[in-house]
Q: 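Got a structure for you, written out below as structure tokens; questions coming shortly.
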Amino acid sequence: MGSHLVEALLARGERVVIVDDLSTGEVRNLAWALSSIQTTFVHADVAVPMPALRGLLEDAGISRVDAIYHLASPASPEAYGARPWETLSVNSVGTMSLVELALEHGAPMLFASTSEVYGDPLEHPQAESYFGNVDPIGRRSCYDEGKRFGEAAMAVATRSKGLDGRIVRLFNCYGPRMDAADGRLIPALVDAALRGQRMPIHGTGTQTRSMTYVDDAIELILLVAATPQARLQPINVGNDDERSVLEIARAVAAAAGVPFDVEFGPARENDPQRRKPDLTLAHALNWRPSTPLEAGLRQTVSWFKHERSAFA
Ligand SMILES: NC(=O)c1ccc[n+]([C@@H]2O[C@H](COP(=O)([O-])OP(=O)(O)OC[C@H]3O[C@@H](n4cnc5c(N)ncnc54)[C@H](O)[C@@H]3O)[C@@H](O)[C@H]2O)c1
């Protein structure tokens with residue numbers, strides 16, 4: 001998501017400083033961004049006290065920050081499962097330090113939260129007013145509760161410290177540049193399809209997801225960042241085209257031009273059974289997702305094919 005956001009900001013003529021520890025990210029996804037003289041890359045962990053962040057920016061020659069987008073976090077069950085402490089840390093310590101940095105510079109800050117704050121939802125579709133159904137000590141809690149803490153930090157700072165804060169709750173975004181090995185649904189399905197293997201399904205495949213193409217998500221993130229009324233109002237970023245995991249696998253097979261062939265494995269712990277955003281607030285900003293699943297999957301498959309041939 002971050003590399004796509006950076007490219008959108010560069011396209012608007014902004015100067016961008018990327019701070020990433022590359023714990024789950026790939027620097028090659030930033031190749032285009034780093035070819036611009038408008039981009040500075042700082043290889044660092046943001047889950048550090050604020051003076052350390054200030055020092056990192058000073059060392060990179062950055063004296064002014066006009067806006068902060070906090071997207072740093074492991075984001076897939078495999079990634080946060082392997083780094084639960086770091087996940088809690090980047091969404092708590094990291095968010096608080098970035099908030100302090102934003103306040104020091106008088107800069108607005110946007111925090112990338114997640115539909116996982118709704119847990120395994122008891123309300124459907126999920127509106128921003130829903131408080132969620134999260135197991136605080138479950139295996140996903142480092143991520144779910146980490147993001148909930150991050151939202152709380154943003155809310156406190158916005159309410160009582162004068163932060164110009166925004167929160168977006170992303171629902172299953174997908175597209176080019178995803179890591180085939182990080183266990184997320186679309187890359188796992190696409191990777192298996194392109195290898196001629198059976199596509200892996202956790203559980204029965206009847207659980208639903210509403211997949212959001214990355215370009216649509218970035219468009220709404222930038223819109224929320226530019227909307228003052230979105231202070232203290234989290235906004236769902238998603239697509240309300242709800243499909244079962246089996247239907248999504250069928251669409252991936254069609255996009256990859258392979259027969260539909262799946263392999264069922266055990267369900268993941270606390271795996272949400274239904275996931276669909278209520279997009280009323282996003283629609284009020286005159287935004288609608290414009291990329292149908294089939295079109296987004298064609299783009300994604302084509303990127304994975306290109307990667308495969310480039311790194312074969
Ligand atoms: N893609 C989605 O479907 C989705 C859904 C909900 C929320 N989100 C959120 O959006 C953000 C981006 O997700 P993504 O899908 O692009 O994941 P990603 O893993 O591709 O990107 C996350 C980036 O954060 C970096 N990072 C992690 N910990 C860091 C730290 N302590 N300091 C500096 N950098 C660090 C990683 O190296 C990586 O480049 C995350 O905060 C994630 O929780 C994404």
Side-chain angles (χ1 to χ4, degrees), residues 1-7 17-30 33-34 41-49 52-53 56-57 68-98 101 109-119 126 140 142-151 154 167-188 209-218 220-221 224 234-239 248 272 275 277 289 296 300:
M1 300 294 294
S3 66
H4 294 274
L5 176 64
V6 166
E7 289 180 12
V17 181
I18 304 165
V19 184
D20 196 311
D21 66 357
L22 298 177
S23 53
T24 63
E26 286 283 352
V27 80
R28 69 170 184 269
N29 286 339
L30 295 169
L34 295 178
F41 181 73
V42 178
H43 185 193
D45 182 355
V46 297
V48 293
L53 276 185
L56 286 170
L57 294 183
I68 295 178
Y69 298 85
H70 177 16
L71 279 78
S73 173
S76 72
E78 261 73 357
Y80 55 74
R83 297 180 187 78
W85 193 257
E86 292 81 353
T87 304
L88 277 177
S89 182
V90 73
N91 286 295
S92 55
V93 176
T95 303
M96 292 177 89
S97 293
L98 287 165
L101 191 71
M109 173 169 161
L110 178 140
F111 175 61
S113 184
T114 170
S115 55
E116 295 284 329
V117 298
Y118 302 125
Q126 294 85 51
R140 289 170 174 256
C142 60
Y143 187 64
D144 303 4
E145 298 291 14
K147 291 291 186 186
R148 287 165 73 99
F149 181 94
E151 289 200 15
M154 292 293 292
I167 297 167
V168 284
R169 293 182 179 154
L170 309 182
F171 280 69
N172 292 95
C173 303
Y174 72 98
R177 302 186 185 152
M178 294 186 84
D179 177 2
D182 84 357
R184 281 188 266 193
L185 179 62
I186 299 281
R209 295 292 181 269
S210 306
M211 305 304 307
T212 316
Y213 190 61
V214 59
D215 290 357
D216 290 340
I218 297 299
L220 180 54
I221 288 172
V224 172
I235 306 282
N236 286 340
V237 172
N239 189 318
I248 294 169
R275 181 69 91 216
T300 308

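Indexing begins at 1, ligand by ligand and atom by atom, following the structure's order. Below, each value reflects all heavy atoms present in this structure, side chains not excepted, and no hydrogens, waters or symmetry copies.
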Q: For residues Leu110 and Ile221, determine if any side-chain heavy atom of one lies less than 4.5 Å from a side-chain heavy atom of the other.
A: yes
Q: Minimum distance, heavy atoms only, to atom 11 (C) of ligand 1: which one of Val117, Leu71, Thr212 is it?
A: Leu71
Q: Do Pro277 and Ser115 come within less than 4.5 Å of each other through their side chains, counting heavy atoms only?
A: no
Q: Just go through Val93, Val46, Leu170 and tell me whose heavy atom is the nearest to atom 9 (C) of ligand 1.
A: Leu170
Q: For atom 22 (C) of ligand 1, find the nearest protein heavy atom and state the residue, atom name and distance (0.1 Å precision).
A: Ser73 O, 3.3 Å
Q: With a 4.0 Å cut-off on heavy atoms, does Arg184 reach ligand 1?
A: yes
Q: Is there at least one pair of N or O atoms, one from Asp20 and one from ligand 1, spaced under 3.5 Å apart?
A: yes
Q: Hey, which atoms in ligand 1 end up nearer than 4.0 Å to a heavy atom of Gly25?
A: 36 (C), 37 (O), 38 (C), 39 (O)
Q: Against heavy atoms of Asp45, which atoms of ligand 1 measure under 4.0 Å?
A: 30 (C), 31 (N), 32 (N)
Q: Could you tell me whether Glu145 and Arg148 make a salt bridge, using a distance below 4.0 angstrom between a side-chain N and a carboxylate O?
A: yes
Q: Any sub-3.5 Å donor-acceptor pair from Thr212's side-chain atoms to Phe171's backbone N or O?
A: yes
Q: Any chance you could measure Met109, atom CE, to His70, atom NE2, to the nearest 0.5 Å?
A: 5.5 Å
Q: Nearest 0.5 angstrom please: Met1 CE to Tyr69 OH, how far?
A: 13.0 Å
Q: Applying salt bridge (charged side-chain N to carboxylate O under 4.0 Å, His left out), run through Glu116 and Lys147 and close with a yes or a no.
A: CA-CA 8 Å; Glu116 295 284 329; Lys147 291 291 186 186; over 6 Å; no
Q: Counting each atom of ligand 1 from 1 as listed, which ones have a heavy atom of Leu22 under 4.0 Å away?
A: 37 (O)
Q: In the protein, what heavy atom is nearest to atom 3 (O) of ligand 1, and what distance, to one decimal place, separates them?
A: Cys173 N, 2.6 Å
Q: Check if Ser23 has a non-hydrogen atom at a distance under 4.0 Å from any atom of ligand 1.
A: yes
Q: Answer yes or no: is there a side-chain heavy-atom contact under 4.5 Å between Ile248 and Tyr174?
A: no
Q: Where is the nearest protein heavy atom to atom 30 (C) of ligand 1: which residue, which atom, and how far?
A: Asp21 OD2, 3.3 Å
Q: Look only at interatomic distance and state if Ala75 has a nitrogen or oxygen under 3.5 Å from any nitrogen or oxygen of ligand 1.
A: no
Q: For Ser113, counting its heavy atoms only, list the atoms of ligand 1 lying under 4.0 Å from any of them.
A: 6 (C), 7 (C)
Q: Atoms of ligand 1 less than 4.0 Å from Ala44 heavy atoms?
A: 32 (N), 33 (C)
Q: Given side chains that start at C-beta, do those of Arg140 and Pro272 come closer than 4.5 Å, heavy atoms only?
A: yes
Q: Do Thr24 side-chain atoms and Ala79 backbone N/O form a donor-acceptor pair below 3.5 Å?
A: no
Q: Which ligand 1 atoms does Lys147 reach within 4.0 Å, using its non-hydrogen atoms?
A: 40 (C), 41 (O), 42 (C), 43 (O)
Q: In the protein, what heavy atom is nearest to atom 36 (C) of ligand 1, and what distance, to one decimal place, separates them?
A: Thr24 OG1, 3.1 Å
Q: For atom 16 (O) of ligand 1, what is the closest protein heavy atom, and at what distance to 0.1 Å?
A: Met1 N, 2.8 Å
Q: Any idea which of Phe111, Tyr69, Tyr143 brings a heavy atom closest to atom 43 (O) of ligand 1?
A: Tyr143
Q: Can a side-chain donor-acceptor contact be found between Tyr80 and Asn91 if the only test is distance below 3.5 angstrom?
A: no
Q: With rounding to the nearest 0.5 Å, note down the distance linking CG in Leu71 to CG in Asp20.
A: 10.0 Å
Q: Any idea which atoms of ligand 1 are less than 4.0 Å away from a heavy-atom of Asn172?
A: 3 (O)
